[in-house]
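No experiment lies behind these values; they were computed from the predicted model shown.
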Amino acid sequence: MAIKLAKVEYSGLNARQKENYNFLKVSAVLADYGFMTMRLSDDWQGADFIAQHVDGGTFLKVQLKSRLAFGKKYTGKGLYVAFFYEGDWYLYPHDELLKRVLEETGVGKTASWMGRGGYSMGHLSQQMRALLEEYKICGDTRGAELPPGH
C-alpha cells in the first residue's frame, strides 16, 4: 500500500516541532560534510547536539538557533552555532565570531548585550553577511569541504 505524503508548512509548526524540524534539516546538510549528529535530551555544556565527523576525531558541540545569536552564557564552551537564513545554513564557532563581531560592530554597546548578555538578529546586514560568509554551508554539497577553520 502506497503512503501519501504531504509537505508541512514550517509556519504551521509549534516551537518544539520547529526545533525538531531544524535539527533534522541541519543534520541532513552536515551529513554531506561527513558528520553524523546526535541529539542531546538536555543542553549539555550549552549544546543541543553533537556532530561527529567520519574521520573519528572531529566532534562539534552545536547550539541550534532560529537566527544569528550570541550569548555570554555560551562563551568559553567551545560551541558552534547553527542557524538557517534565506536558503543557507550557517555553522560558526561562537567565540571566534563573537570576538570579531564585538570588535567590528556596535553589538557590544547594545542594551541587549550589556544587560541580558545576549544578542540576536532576525535580519542580517551586509556587514554581518560578510562576517558570516566563511561559515555558510549549503544543502546541496556532495563532495564539498567545510569552510576554512573547520
Side-chain angles (χ1 to χ4, degrees), residues 8-55 57-141 144-150:
V8 298
E9 289 292 325
Y10 183 79
S11 61
L13 301 176
N14 65 38
R16 183 71 176 153
Q17 291 168 332
K18 286 178 180 179
E19 185 177 342
N20 287 328
Y21 179 96
N22 286 332
F23 168 70
L24 294 170
K25 287 290 194 173
V26 74
S27 293
V29 171
L30 289 172
D32 288 338
Y33 291 100
F35 282 92
M36 302 305 121
T37 60
M38 294 166 273
R39 184 86 183 260
L40 302 169
S41 60
D42 190 13
D43 281 4
W44 176 70
Q45 296 183 9
D48 290 318
F49 68 92
I50 303 294
Q52 176 186 1
H53 194 267
V54 295
D55 67 11
T58 304
F59 294 85
L60 305 178
K61 295 185 296 185
V62 183
Q63 173 64 223
L64 183 59
K65 292 293 188 187
S66 61
R67 57 180 36 196
L68 174 65
F70 301 98
K72 290 180 183 177
K73 68 181 181 180
Y74 298 133
T75 60
K77 295 184 177 185
L79 287 172
Y80 282 74
V81 177
F83 75 99
F84 185 78
Y85 183 78
E86 292 187 353
D88 292 304
W89 281 96
Y90 293 85
L91 179 67
Y92 61 91
H94 178 270
D95 293 0
E96 179 181 307
L97 185 59
L98 174 60
K99 182 178 187 290
R100 290 184 61 203
V101 166
L102 292 175
E103 289 171 353
E104 300 177 30
T105 73
V107 167
K109 296 181 177 110
T110 63
S112 175
W113 183 255
M114 293 188 322
R116 293 188 317 266
Y119 191 88
S120 68
M121 295 175 209
H123 175 74
L124 300 179
S125 66
Q126 288 300 102
Q127 180 185 23
M128 202 55 69
R129 286 179 191 231
L131 288 169
L132 281 165
E133 186 61 31
E134 69 181 291
Y135 306 114
K136 185 189 309 185
I137 55 175
C138 302
D140 187 16
T141 57
E145 293 182 16
L146 281 173
H150 293 87

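- Each of E96, Q127, M128 was evaluated against V101; a single residue qualifies, M128, per the side-chain contact (heavy atoms from CB on, under 4.5 Å) test.
- The aromatic rings of H94 and Y74 lie perpendicular to each other, with more than 60° between the two planes, well past the 30° mark.
- No cation-pi contact links K25 to W89, judged by a cut-off of 6.0 Å to the six-membered ring centre and 45° from its axis.
- When every heavy atom of A82 is checked against every heavy atom of V26, the shortest pair comes out as CB-CG2, 4.2 Å.
- A 6.0 Å sphere centred on NZ of K99 holds no more than 12 heavy atoms belonging to other residues, nucleotides or ligands.
- The environment of K72 atom NZ is dense: over 12 non-hydrogen atoms of other residues, nucleotides or ligands sit within 6.0 angstrom.
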Discussion item. Applying side-chain contact (heavy atoms from CB on, under 4.5 Å) to L30 and F49, what does each step give before you reach the verdict?
Written reply: CA-CA 12 Å; L30 289 172; F49 68 92; 3.9 Å; yes
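- The main-chain N or O of G118 is found under 3.5 Å from a side-chain atom of S112 such that the two form a donor-acceptor pair.
- Summarising the geometry, atom CZ belonging to F59 is positioned 13.5 Å from atom OH belonging to Y80; distances are rounded to the nearest 0.5 Å.
- Across all their heavy atoms, R67 and M121 have their closest contact at CB-O, 3.3 Å.
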Discussion item. Let's go through I50 and K61 carefully: what are the C-alpha distance in whole Å and the side-chain angles of both, what is the deciding distance for side-chain contact (heavy atoms from CB on, under 4.5 Å) to 0.1 Å, and is it a yes or a no?
Written reply: CA-CA 5 Å; I50 303 294; K61 295 185 296 185; 3.8 Å; yes
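- Rounding to the nearest 0.5 Å gives a distance of 11.0 Å between NE2 of H53 and OH of Y33.
- Distance check, rounded to the nearest 0.5 Å: CD of E19 to CZ of R39 gives 4.5 Å.
- The OH atom of Y90 lies 6.5 Å from the CD atom of E133; values are rounded to the nearest 0.5 Å.
- Side-chain atoms of Y85 come within 3.5 Å of backbone N or O of L124 as a donor-acceptor pair.
- Between the CD atom in Q63 and the CD atom in Q45 there is a gap of 12.5 Å [rounded to 0.5 Å].
- Side chains of T58 and F35 form a contact here, defined as non-hydrogen atoms less than 4.5 Å apart.
- T110 approaches V107 most closely through the heavy-atom pair OG1-O, 2.8 Å.
- Here CG of L91 is found 11.0 Å from CG of L97. Values are rounded to the nearest 0.5 Å.
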Discussion item. For a salt bridge (Lys or Arg N to Asp or Glu O under 4.0 Å) check, start with the C-alpha distance between R100 and E103, then their side-chain angles and the critical distance, and finish with the verdict.
Written reply: CA-CA 5 Å; R100 290 184 61 203; E103 289 171 353; over 6 Å; no
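- Judged purely by atom type and a 3.5 angstrom limit, D88 has no side-chain atom pairing as donor or acceptor with the backbone of K136.
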Worksheet item: Can you check side-chain contact (heavy atoms from CB on, under 4.5 Å) on W113 and L98, steps first, answer last?
Response: CA-CA 11 Å; W113 183 255; L98 174 60; 3.7 Å; yes
Discussion item. Would N22 and Y10 count as a side-chain contact (heavy atoms from CB on, under 4.5 Å) here? Give the steps.
Written reply: CA-CA 10 Å; N22 286 332; Y10 183 79; 2.9 Å; yes
